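Some notes on the structure that comes next.
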Amino acid sequence: MSRFSIRPTAIQGLSLIQHHPLGDERGYLERLFCTQELQAIIGQRAILQINHTFTAKASTLRGLHFQHPPHAEMKLVSCLRGEVFDIAVDLRQGSPTFLHWHAEHLSAYNHRTLAIPEGFAHGFQTLTADCELLYLHTAAYQPDAEDGLNALDPTLAIHWPLPISERSARDQAHAPITAAFIGLDAGLDAGQNP
Ligand SMILES: Cc1cn([C@H]2C[C@H](O)[C@@H](COP(=O)(O)OP(=O)(O)O[C@H]3O[C@@H](C)C(=O)[C@@H](O)[C@H]3O)O2)c(=O)[nH]c1=O
């Protein structure tokens, strides 16, 4: 039996993974990642880093973050505790959905993972207190390649579900997108690490 269903979104290359935990009277076992069963999404990429974040307060916003090529990465984002409004913004040069965004509710109960390919920015707002996110990354963290968009940028016009409480100084400092921004040369077919 497949432990996953893969659901495409309206943005090409951006997918939602629905996990199918195996439950019994004790609780459940959930496969969080599987190279073989997620082949259609992962391709030849490898998971190179795993991060875990804890966010204490509801309404906190983190993002929107990405790494510039050649350090662009796929991120698989899951929520293991609490609930978040999770969002990916298409920054791929030449994409028909350039600067479009897609959001999903990820929670400890809905067993979903947003699979965000190279060339997207990612962020989230916590909808509950005490949220824990798990990130699988296909590239290592490269502080020099790291960048961000302002989550309140009027060009993106993201409908954040709650008034924003906490946000890092770095996230607040990102300048709005200008007409000069043509996007990231991350490849519409997604770069795949060997
Ligand atoms: C992402 C990252 C950060 N750090 C450091 C930098 C900093 O000192 C501290 C906290 O980093 P940040 O403030 O960037 O944490 P945060 O705002 O939670 O960053 C995260 O935001 C979400 C939206 C994402 O998509 C993630 O990939 C990541 O960028 O951790 C690492 O050492 N390794 C890493 O992989």
Side-chain angles (χ1 to χ4, degrees), residues 9 11 13-17 32-33 41-42 45-92 99-108 112-153 155-177 183-184 186 190-191 193:
T9 70
I11 301 183
L14 178 69
S15 311
L16 186 70
I17 300 168
L32 284 180
F33 178 75
I41 287 181
I42 304 301
R45 302 174 183 90
I47 302 301
L48 300 188
Q49 188 175 313
I50 301 177
N51 287 346
H52 173 221
T53 59
F54 169 74
T55 306
K57 294 184 183 168
S59 292
T60 301
L61 201 151
R62 295 191 193 233
L64 304 155
H65 300 160
F66 60 92
Q67 292 196 153
H68 285 275
H71 302 289
E73 58 182 335
M74 171 173 264
K75 281 179 198 175
L76 274 64
V77 184
S78 310
C79 179
L80 302 183
R81 186 179 175 198
E83 181 172 3
V84 302
F85 177 83
D86 201 70
I87 191 160
V89 183
D90 186 357
L91 301 181
R92 296 168 299 180
L99 298 184
H100 292 202
W101 52 270
H102 177 85
E104 293 285 346
H105 285 238
L106 304 179
S107 78
R112 291 178 177 164
T113 294
L114 194 59
I116 307 170
E118 297 82 356
F120 282 71
H122 168 255
F124 67 90
Q125 184 176 36
T126 54
L127 302 177
T128 64
D130 299 335
C131 286
E132 293 187 50
L133 290 202
L134 182 77
Y135 297 86
L136 309 187
H137 298 263
T138 62
Y141 175 55
Q142 295 285 343
D144 296 344
E146 209 189 7
D147 207 347
L149 299 178
N150 197 305
L152 300 183
D153 191 324
T155 300
L156 300 174
I158 296 169
H159 310 304
W160 297 104
L162 300 175
I164 292 158
S165 57
E166 316 298 315
R167 210 157 59 118
S168 73
R170 182 174 74 103
D171 284 350
Q172 292 181 52
H174 290 302
I177 296 167
L184 305 179
N193 58 23

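Read the numbers this way: they start at 1 and go in the same order the structure lists the ligands and their atoms. A quick note: this is a predicted structure, and the numbers were derived from the prediction, not measured.
Remark: Thr126 engages no residue in a side-chain hydrogen bond (donor to acceptor under 3.5 Å, both in side chains) (not counting sequence neighbours). Partners of Gln67 under the side-chain hydrogen bond (donor to acceptor under 3.5 Å, both in side chains) rule, at least two apart in sequence or in another chain, do not exist in this structure. Partners of His122 under the side-chain hydrogen bond (donor to acceptor under 3.5 Å, both in side chains) rule, at least two apart in sequence or in another chain, are Asp86.
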Distances under 3.5 Å, N/O of ligand 1 against N/O of the protein: list each pair and its distance.
unit_1, atom_1, unit_2, atom_2, d
ligand 1, 14 (O), Arg170, NH2, 2.9
ligand 1, 18 (O), Arg62, NH1, 2.7
ligand 1, 19 (O), His65, ND1, 3.4
ligand 1, 21 (O), His65, ND1, 2.9
ligand 1, 25 (O), Lys75, NZ, 2.8
ligand 1, 25 (O), His122, ND1, 2.6
ligand 1, 27 (O), Lys75, NZ, 2.9
ligand 1, 29 (O), His65, ND1, 2.8
ligand 1, 35 (O), Gln49, NE2, 2.8
ligand 1, 35 (O), Asn51, ND2, 3.0

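Counting only distance, with no hydrogens or angles, the side chain of Trp101 and the backbone of Asp90 share no donor-acceptor pair below 3.5 Å. Distance alone, capped at 3.5 Å, is enough to place a donor-acceptor pair between the Asp171 side chain and the Gly63 backbone.
Ring geometry for Tyr135 against Phe124 counts as tilted: the plane angle lies between 30° and 60°, on a 0 to 90° scale.
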